[in-house]
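Because only heavy atoms are used, hydrogens play no part in the values below, and waters and symmetry mates are left out as well, while side chains stay in.
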Amino acid sequence: MDMFISNVKCLTERLLQKQLANTDEVIEKLFCEDFPRITPLDPQLEESAIQLWNWAVTKRVGTAINEHQKAKVRHVACRLLYACEPENPAEGAVRKQILMASKTGRTWLDCKKPQLADNFLSLAVKSLETLYSRLTSRGHGGADINTSKGDVEKDLLRVLSYQAESALAQENHQEAVAYMQRCKDMLLRLPKETGYLSLMCYNFGVDSYNMKKYEESSFWLSQSYDIGKMNIKYSPGAEVQAKVLRLLATVYLKWDCQQFQEKALNAVNLANKESVHPSGLYLKIRILLSCGAQDDHIRAGVTELLELEVPLEVCLSTVKLLMAEDRETLAFDYLKRVCQHFESSPELGSALVLHIELLLQRGKELLGKQKIEDIITGHYTGKQLSPQTLTCLHLLLWDKASKNFETKNFSEALQWYNYSLSFYKAGQMEPNLAKLQRNRASCLLQLQQLDKAKEAIKEAERCDPNSIFTQFSVYKIAVLENNVEKAAEAVKAIGALAQGPVSSEDRLLVAENAASNLLSLAAQIALENEQQDTAMKALESLCEHSKDEAQVVTALRCLVRLVLTTIEKASGEIRHANLDVLLSYLKMALQKVSQLSPGPSMAVEQRTEDANWFRKIAWNSALQCESSPDRMRDFFVFSYQLSQFCPSDRAVLMGQKTCLLMAAAASLELCRKSPHSEQKEQLTQALEHIQICWEVWKTLKASGGRDNSKDPTNILLLLYEFEARAKLNDPKVETVLESVLELDNVEIKVLETMAALAMEPPAHFPLLCKKALRIALSLHRKQPQADLARCSQCVHSLIQLSLPSGVSDVEARVLEEVWGYYEEALSIITAAPEDFPEMEILWLLTRAWNTGILLYSLAQYPEAERWCGLGMSFLRHLGSLQESYQTQMSGLYSEVLDRLDKAKKNLIMEE
């Protein structure tokens, strides 16, 4: 108990603070407090109850607290007050209880919480009865007492009506009826509450009607009307009573018109008697039509409308109602009378337009056209339609024209558009006129009247030159006239206008991508007229401006097909230019495919299919670029990149591997043909392709499947990497050679190729070159039948790389190395003297002799004699050249030996 009192006081004090941030939290805690069952509580809590109540009242102004928060505060305050109630509370305390309980119940009702309201409303009734009992026990003599008792009865009636409302909200109809009956019984003493109670029942009837509870609704509306009749002085008034009866008639109409026909008619007749109103007369006609009344009865009803001088709008609604109920004769007859009745009214035009609309709906086009022509004549003789009515007529005419256009009845469509055009003055400037002229032009084009169509489009351009649809019409005519330049200008204009919002247009799909749809249609029109270049411009513009990636991908597929047909027929520079265009399309396709988001409008399979289609195009195009390594490389790269959006099965991985290999090869080929300044970039690109290809190749080998032992991919990748790193002067090139040497059964040709690449400018790795050559030569010698030509070439290259090129390069170590190569050469020649190339023998002879002469010039006489002698040893292996060289070489050799002897003697003498 003490804890409860402490919590309530603390929370109340917090709520009364001026700068409270968490008001909702404090209110919720108060509302959730568990009230003790022992009563009465500490009288001090009554002060907290009053404080809470007053706080809620002050917070009603503005939006300090919402209705639910107010209800919760009142809920707590009222419960506290009753919990503090003594055994015999004073009259003032009872009145306070009545006020708080009734208002708390009302607040919960307003919050749609009738269950919470019930308890407080019951407390209010109990307190009212207690107060009334006390006032009655004082006697009947005093006027003050009678007034107080009247006030109590009035409050009791209000609370009882709240209880009825709560019961209805909880679908307790009979309980609500019982509460309302008590209220009715009190009306004899409280006549001034007649209007209140009548309106309360009316509201109950409206709520029941909205919930389609027609039986309950009819009861409450009947109660409302009956209560209103109980005291004419204090009733809601004839107009309200008529309104109640009209709704009652509507309830019977909706409930079951056949069963309650008489009640519905009685109710509406009574309503019209209480207070005649256009809606009452209209409702009577509805009821008569629903009940299948004879034409005479209905004719009498519509006559009442005219006699009452109801607005034209009501009369026209009645005409539409008659048409909807298949009373065509009555409708047209009544419409004629309406037109006559409102002949001098400025609103007559709306009746005439409705007449035309109904005639057209019933297929009476000749009569409809006659009426239209009459209106056109009147338009220029002072009987103009109001702007709003004229707009309705235009819409009617355009709708009729559009339907004829859709059924390909173009001449008829043109006539309806011409009717619309008749209402425009010459030279008038209006966007709708531009739209009308565009529609007319479309009809004229279909009718093969090109000159008239051009005139219509000129008018459209004059009125609205910045319309995308106007430019589209200009484009269509330019295509038909085969005016390529004009068509291109129109496509450019459509593309520029596509940046802004696009308004709607008849017969054209208009959405966020309306401009793109127009460009797509423009391409189709150009292709139908065999104007491929114009079609490509339209599709390119679509790709540039459309935000729909799927639509752009479709357009790109069309563009690719078109440019491929051009490439097939072209040659030379024109073919190269078209290949570059194809590359640009594939680049855009890659970008768009990567942006495609698979979802409801696009399946994953569709994106895969698109990527695969473009991948194959790139692959096939690359194969046609043998003479153009840069284009070949780009096509293969695009093919690889597009394949990344395909499932990574073995076939796709094989394709990726080949693409990257070919791209690397093309980059290296391009490097060989490029100036030195451009080579680094191309070599770096080649390395990138090689590194990615290694990863793909590893994935392929790991996936198993087939035997990869015969696949040359390993060797090719190593060769390409060796060349790229060698020409980039990358120290890792030695590692690549080692990787080759670690392979099983390395081919001699590979080593020879690597040797050549090691020295191919800008590469310069003589040591690596010699290493590869030595291993290659060794492998040659191990062959069962050595290829002497290739052996001689290896030896030739080794000697050429090792021989000193000048005085500064002469070293004993180098000479010994070269001597070994010469010995290798002699052993090869000796083994097969007839198979060794004679010119190669001559080269070996010459280089050995020249080395001897170089050493002689350096005064290295023993070495000089040795090398000259080596050169002479090759003479006997010469074939046809032996005789001529032997005479010459012998003489020279003798001379060299003489000089050597002299040099040696001079050297001894000096010593």
Q: Atom OG1 in Thr329, atom CG in Leu322: separation rounded to 0.5 Å?
A: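 Answer rounded to 0.5 Å: 10.5 Å.
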Q: Is the closest side-chain heavy-atom distance between Leu521 and Tyr475 below 4.5 Å?
A: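 Side chain of Leu521 against side chain of Tyr475, heavy atoms only: no contact under 4.5 Å found.
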Q: Does a side-chain N-to-carboxylate-O contact under 4.0 Å join Lys486 and Glu481?
A: no
Q: State whether Asp451 and Lys454 are salt-bridged, where the test is any N-O pair (Lys NZ or Arg NE/NH1/NH2 against Asp/Glu carboxylate O) under 4.0 Å.
A: no
Q: CD of Glu365: more than 12 outside heavy atoms within 6.0 angstrom?
A: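 Result for CD/Glu365: enclosed.
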Q: Just checking, any donor-acceptor pair under 3.5 angstrom between side chains of Glu412 and Thr407?
A: no
Q: State whether the side chain of Asn272 and the backbone N or O of Val268 hold a donor-acceptor pair below 3.5 Å, judged by distance alone.
A: yes
Q: What is the distance from atom CD1 of Ile375 to atom CG of Leu348, rounded to the nearest 0.5 Å?
A: 8.5 Å
Q: Could you tell me how the ring of Tyr252 sits relative to the ring of Trp255: parallel (under 30°), tilted (30 to 60°) or perpendicular (over 60°)?
A: parallel
Q: Check this for me: Gln258, atom CD, are more than 12 non-hydrogen atoms of other residues, nucleotides or ligands nearer than 6.0 Å?
A: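 Atom CD in Gln258 is crowded, with more than 12 foreign heavy atoms closer than 6.0 Å.
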Q: Could you check whether atom CD of Glu430 has more than 12 heavy atoms from other residues, nucleotides or ligands sitting under 6.0 Å from it?
A: yes
Q: Determine whether a donor-acceptor pair (N or O, by modelled atom type, separation under 3.5 Å) exists between the side chain of Thr391 and the backbone of Pro387.
A: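 It does hold such a pair.
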Q: Say you draw a straight line from CD of Gln415 to CG of Asn409; how long is it, rounded to the nearest 0.5 Å?
A: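 Here the rounded value is 10.0 Å.
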Q: Is there a side-chain contact between Lys435 and Phe469 in this structure, where contact means two heavy atoms from C-beta onward sitting under 4.5 Å apart?
A: no
Q: Just by distance, do the side chain of Thr381 and the backbone of Thr377 share a donor-acceptor pair under 3.5 Å?
A: yes
Q: Keeping Asn266 on the side-chain end and Glu262 on the backbone end, is there a donor-acceptor pair under 3.5 Å?
A: yes
Q: Is there a side-chain contact between Leu354 and Glu357 in this structure, where contact means two heavy atoms from C-beta onward sitting under 4.5 Å apart?
A: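 Heavy-atom side-chain distance check passes, below 4.5 Å.
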Q: Identify the heavy atoms of Val244 and Leu221 that sit nearest to each other, and give their distance.
A: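 That closest heavy-atom pairing would be CG1-O, 3.4 Å.
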Q: Does any non-hydrogen side-chain atom of Val560 lie less than 4.5 Å from one of Trp613?
A: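 Counting from C-beta outward, Trp613 and Val560 do come under 4.5 Å.
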Q: Find out whether Lys284 and Asn269 are in side-chain contact, i.e. whether some heavy atom of one side chain is under 4.5 Å from a heavy atom of the other.
A: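 With C-beta onward as the side chain, the pair touches.
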Q: May I ask you to say whether Asp533 pairs ionically with Lys537, meaning some side-chain N is under 4.0 Å from a carboxylate O?
A: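 No, no charged N to carboxylate O under 4.0 Å.
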Q: Between Ser520 and Ser516, is there a donor-acceptor pair closer than 3.5 Å when you use the side chain of the first and the backbone of the second?
A: no
Q: Any idea which heavy atoms bring Leu396 and Val353 closest together, and the distance?
A: CD2-O, 4.1 Å
Q: Could you tell me which non-hydrogen atom of Ala538 sits nearest to which non-hydrogen atom of Val491, and how far apart they are?
A: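 Looking at all heavy atoms of both residues, the shortest contact is CA-CG1, 3.9 Å.
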Q: Starting at CD1 of Ile468, measure out to OG of Ser473 and round the result to the nearest 0.5 Å.
A: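 It is 11.0 Å, given to the nearest 0.5 Å.
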Q: Minimum heavy-atom separation for Ala176 and Leu168, please, with both atom names.
A: CB-CG, 3.7 Å
Q: Working to the nearest 0.5 Å, report the span between CD of Gln370 and CD of Glu373.
A: 7.5 Å
Q: With Lys592 as the cation and Phe614 as the aromatic partner, state whether NZ or CZ is under 6.0 Å from the six-membered ring centre and within 45° of the axis.
A: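 No; the conditions do not both hold, so Lys592 does not lie above the ring face of Phe614.
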Q: Out of curiosity, Gln261 CD to Cys291 SG, how far, rounded to the nearest 0.5 Å?
A: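 Result: 3.5 Å between the selected atoms.
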Q: Return yes if some donor-acceptor pair links the side-chain N/O of Thr470 with the main-chain N/O of Asp464 below 3.5 Å, else return no.
A: yes
Q: Might you point out which heavy atoms bring Leu385 and Gly349 nearest each other, and give the distance in Å?
A: CD2-CA, 3.4 Å
Q: Assess whether side chain to side chain contact (heavy atoms under 4.5 Å, CB included) is satisfied between Val302 and Leu281, documenting all intermediate values.
A: CA-CA 8 Å; Val302 297; Leu281 297 174; over 6 Å; no
Q: Given the rule in the side chain to side chain contact (heavy atoms under 4.5 Å, CB included) test, do Leu283 and Leu253 qualify, once you have shown the distances and angles that lead to the verdict?
A: CA-CA 10 Å; Leu283 178 59; Leu253 181 64; 4.3 Å; yes
Q: So, Lys458 and Glu455, do they make that salt bridge, N to O below 4.0 Å?
A: no
Q: Do other residues, nucleotides or ligands put more than 12 heavy atoms under 6.0 Å from Lys371 NZ?
A: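 Not more than 12 within 6.0 Å, no.
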Q: Can you tell me if CD on Glu343 sees more than 12 non-hydrogen neighbours from other groups inside 6.0 Å?
A: no
Q: Quick one: does Ser217's side chain have a donor or acceptor within less than 3.5 Å of a partner on Tyr214's backbone?
A: no
Q: Should His277 and Tyr282 count as side-chain neighbours, where that means a heavy-atom distance under 4.5 Å?
A: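 No, every pair of side-chain atoms sits at 4.5 Å or beyond.
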Q: Compute whether any side-chain donor of one residue and acceptor of the other, for Arg337 and Thr303, lie under 3.5 angstrom apart.
A: yes
Q: Using the side chain to side chain contact (heavy atoms under 4.5 Å, CB included) rule, take His394 and Tyr424 through it: C-alpha gap first, then chi angles, then the decisive distance, then the call.
A: CA-CA 11 Å; His394 279 305; Tyr424 288 96; 3.6 Å; yes
Q: Side chain of Gln531, backbone of Val479: donor and acceptor closer than 3.5 Å?
A: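 Confirmed, Gln531 side chain pairs with Val479 backbone.
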Q: Just do the side chain to side chain contact (heavy atoms under 4.5 Å, CB included) check on Phe472 and Arg438 with the steps written out, would you?
A: CA-CA 9 Å; Phe472 180 69; Arg438 290 195 295 269; over 6 Å; no
Q: Should we say atom CD of Glu609 is surrounded by more than 12 heavy atoms from elsewhere, each under 6.0 Å from it?
A: yes
Q: Is there a side-chain contact between Trp220 and His173, using heavy atoms and a 4.5 Å cut-off?
A: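 Touching, per the 4.5 Å side-chain cut-off.
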Q: Is the shortest heavy-atom distance from the side chain of Lys320 to the side chain of Leu358 under 4.5 Å?
A: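 Heavy-atom side-chain distance check fails, nothing below 4.5 Å.
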Q: Hey, does the side chain of Ser218 reach the backbone of Glu215 with a donor-acceptor pair shorter than 3.5 angstrom?
A: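 Such a contact is found between Ser218 side chain and Glu215 backbone.
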Q: Taking Asp610 first and then Arg557, would you say they form a salt bridge - that is, a charged N and a carboxylate O separated by under 4.0 Å?
A: yes
Q: Donor-acceptor pair, distance only, cut-off 3.5 Å: does the side chain of Gln241 make one with the backbone of Tyr225?
A: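 Such a contact is found between Gln241 side chain and Tyr225 backbone.
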Q: Do Arg440 and Gln437 get their side chains close enough for a donor-acceptor pair, meaning under 3.5 Å?
A: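 Arg440 vs Gln437: donor-acceptor pair found between side chains.
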Q: How close do Gln471 and Ala490 get, heavy atom to heavy atom, and via which atoms?
A: O-CB, 3.7 Å
